[in-house]
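Comments concern the structure below.
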Number of protein chains: 4
Amino acid sequence: MDILAEKKKAIFESTLELIKENGFHGTPMSMVAKKACVACGTIYHYFDSKDTLIAELYAYVKKQMADAMFEGDDEQKEFKDRFYHLILSHCRFYIKHPNTLYFIEQYINSPYNNREPVKDNEQFQHRMWDFLKQGIDTGVLKPMNIHLLGILIHSHVVTTAKLYFSQRVKINEEDFPNIVQVIWDGVKNHSD
Amino acid sequence: MDILAEKKKAIFESTLELIKENGFHGTPMSMVAKKACVACGTIYHYFDSKDTLIAELYAYVKKQMADAMFEGDDEQKEFKDRFYHLILSHCRFYIKHPNTLYFIEQYINSPYNNREPVKDNEQFQHRMWDFLKQGIDTGVLKPMNIHLLGILIHSHVVTTAKLYFSQRVKINEEDFPNIVQVIWDGVKNHSD
Amino acid sequence: MDILAEKKKAIFESTLELIKENGFHGTPMSMVAKKACVACGTIYHYFDSKDTLIAELYAYVKKQMADAMFEGDDEQKEFKDRFYHLILSHCRFYIKHPNTLYFIEQYINSPYNNREPVKDNEQFQHRMWDFLKQGIDTGVLKPMNIHLLGILIHSHVVTTAKLYFSQRVKINEEDFPNIVQVIWDGVKNHSD
Amino acid sequence: MDILAEKKKAIFESTLELIKENGFHGTPMSMVAKKACVACGTIYHYFDSKDTLIAELYAYVKKQMADAMFEGDDEQKEFKDRFYHLILSHCRFYIKHPNTLYFIEQYINSPYNNREPVKDNEQFQHRMWDFLKQGIDTGVLKPMNIHLLGILIHSHVVTTAKLYFSQRVKINEEDFPNIVQVIWDGVKNHSD
DNA sequence: CATGAATGAGTCTTCATTCAT
DNA sequence: GATGAATGAAGACTCATTCAT
């Protein structure tokens, strides 16, 4: 799980970058091999097929994302602060890893998505759901289906990150809190 | 602009459905031809290439969407009512046209997007921007960049529509107003 | 044989020019049609197929060439003078009609050549052969097979004309007599 | 440079034969692959495209020709003898390799010629030019542009070889010296 | 384990030809 | 006669995958 892992990682990273650049079918295995400095056949020692490679890559980046997101989360803090922290961490992760951002977006919207349901690393999701549930239970968040809530929030984050890289609307990191406020105002419970 | 248009439309609709099903590269021209009941070569009378076909298809559905969204908009009504109407119309359009929904999402997140910049039908966007600007100017909406605002709202709509078709979170049309409320609460001006 | 002929001629000339430019298979019928300002199907009123068109075109230019070559030939003159005149006329014809030159060369060296043996306008050849035979009989030319002689001479002419248009060896019309002298010295009877 | 070269050679030879038979566009890559006993895609490991294959094939046969032509050339011998030897060697080469003869003729007269100017093996030409220059300098040949001279001579050779294979004029190897005499008499200096 | 040459099914695209108007 | 939209077989080329070394 060392030298092997290194080679696997090289394949992952190469794939990630190439797919961002050229899309799934603009990225032949031979190109991945070249960029990762391995032989074509070597890839097939680690992955059964291109589909598998991509599915595993999805799980790989998903885990990285989860790790980054909850880093620095302090359960002692107030809910709103934790919310802002989590959202901003998430945004910043995407901004630091645009390859991941674009790969995930392509993946989710492609037929790959429902093909080989590599068990999604649910841990990330569960932790998020727990957090949201707590917000609802304590009356801070609107009482809603937490899955729905989670997805709406995530979509907000992704949109923000994509905007950051877009040409048309120029935003920078200082604008993030304002943008987070939109989703916070959206989900928080106004009944008080 | 009749029989011709019909053939072109048949090609469009076939492509739309097939791409939703199989993605861009899971949809060979021969398959489009078959479904549209034309010969392979016929497609090339109407479109220079597969890329062109897809780019024009994007413009085609974009226009349909714009038309549907603003139908029934009544400028006399209160801003909030108009807002709800527009968002709900938009959601319902996607729900009536899932092929369009998935095609657009795939298109936007694919390298096609920045390839042949078929002049986006900006009219749709401009009308939306005018509407949002009015909301800001009258103090109903948060003072923000209208482009940013527009995209956040649209992303919310798309997420909602996708959720409608997803297996994991089961929502139906009755839930829509609650979901719209999230975005409304998010963008409205709370300073009052 | 008038309006029709005009259309036929337009097709001929268009084909000639396009083939010079792009070669046989770089010249689709649709392109010929466009250049000749007729519909695609119209060509098929005049010619059974592309092969036929090309074969007939070959006969067409061959005849033009024969006409040009013997124009101004004076049977009263000395043999050598007539020889020079014929050869130079031939060279000049090719120089005035480069499309014809390149078309013929392509045709002769292509599989079209032995496909549909449109009866070559032998008249041209016969007249040449008679001329050469007379030269041999009177002892002015080397005693050789006249077909062989004719082809060697023609090849000399074609090479000269092609050289005229080539970039590498720059010759002009003043050089022609010297070049003709080479072939004349080659075929004339030295026994005297 | 062994097994690889063999496969490349097989592709070359197959292409050569098929093109002679069917011409450039009568020879699909699939046919070449079949005859060379390789897969379609294999050809693309060795050549970027059909154009490249043909251009490289041209260089390949050109080199073979040059090698054959100067074999047995003896600089000690008299100029005229060397001239006859070279010309006859050249003729015999074409007669031994009709595929090459017809391929070259087709190539030169096709639009391929000026497409990818694979550096012509100039060595062959230079050696010929040196030889001709020597003939002019020593007063044996007519004082002419050596490029022009070279091309006229080559054209004579090609015409002879083509005649050998033609149906209409039946010549055989015994006739060659007489035919060579025509070009020799044409280019030699008569001033003496 | 690693290599990368070889495979060949499958893709986009072209174009000679037809035929309803 | 003239048109040009429609046809579909065929071609160049790609690329996921295999396997002998």
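Each chain gets a letter, A, B and so on, in the order the sequences are listed, and its residues count up from 1. Here the structure is a predicted model, which is why all the values come from computation and not from measurement.
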Taking for G26(B) and for H45(D) the nucleotide of DNA chain E with the nearest heavy atom, the one nearer the 5' end belongs to H45(D)

Between A39(A) and A39(D), the residue closer to the 5' end of DNA chain E by nearest nucleotide is A39(A)

Heavy atoms of V158(D) and L101(D) approach each other most closely as CG1-CD1, 4.1 Å

Closest heavy-atom pair, T52(D) versus S49(D), reported as atoms and distance to 0.1 Å, is OG1-OG, 3.0 Å

Over 60° means perpendicular and under 30° means parallel, so tell me whether F103(C) and Y58(C) are parallel, tilted or perpendicular. tilted

| request: On the 0 to 90° scale, with breaks at 30° and 60°, tag the Y112(B)-Y107(B) ring pair as parallel, tilted or perpendicular. | output: parallel

**Side-chain donor-acceptor contact under 3.5 Å, E13(A) with Y60(A)** = yes

Spacing between [X] atom [atom1] and [N] atom [atom2], to the nearest angstrom:
X	N	atom1	atom2	answer
E6(A)	dA2(E)	CD	P	12 Å
K34(A)	dA5(E)	NZ	C1'	15 Å
N22(D)	dG11(F)	CG	P	11 Å
Y46(D)	dC13(F)	OH	P	18 Å
I43(B)	dC15(E)	CD1	C1'	16 Å
H25(B)	dA9(E)	NE2	P	21 Å
F47(B)	dA5(F)	CZ	C1'	15 Å
I11(D)	dC13(F)	CD1	P	14 Å

Would you mind reporting whether [Y] and [X] have side-chain heavy atoms less than 4.5 Å apart?
X	Y	value
E105(A)	I108(B)	no
E56(C)	K8(C)	yes
K50(C)	V32(C)	no

Of M31(D) and C37(B), the one whose closest nucleotide on DNA chain F sits nearer the 5' end is C37(B)

Item checked: P atoms of dT21(F) and dC1(E), separation to the nearest Å -> 22 Å

Checklist entry - Taking the six-membered ring for Trp, is the centroid-to-centroid distance between F12(B) and F47(B) below 6.0 Å? => result yes

At a cut-off of 3.5 Å, list every protein nitrogen or oxygen paired with a nitrogen or oxygen from nucleotides 17-21 of chain F, distance to 0.1 Å.
from	atom 1	to	atom 2	distance (Å)
dT17(F)	OP2	Y44(A)	OH	3.0
dT17(F)	OP2	K50(A)	N	2.9

Under 4.0 Å from OP1 or OP2 of dA2(E): is there any side-chain N or O of K7(A) that close? yes

Does the side chain of T42(C) get closer than 4.0 angstrom to OP1 or OP2 of dT3(F) through an N or O atom? yes

Should we count CG of D48(D) as having more than 12 external heavy atoms under 6.0 Å? no

Against the side chain of V38(A), the closest entry in dT3(E), dA5(F), dT7(F) is dT3(E)

Dot-bracket assigned to DNA chain E with the 3.5 Å Watson-Crick/G-U criterion, [ ] for crossing and | for other-strand pairs, is .||||||||||||||||||||

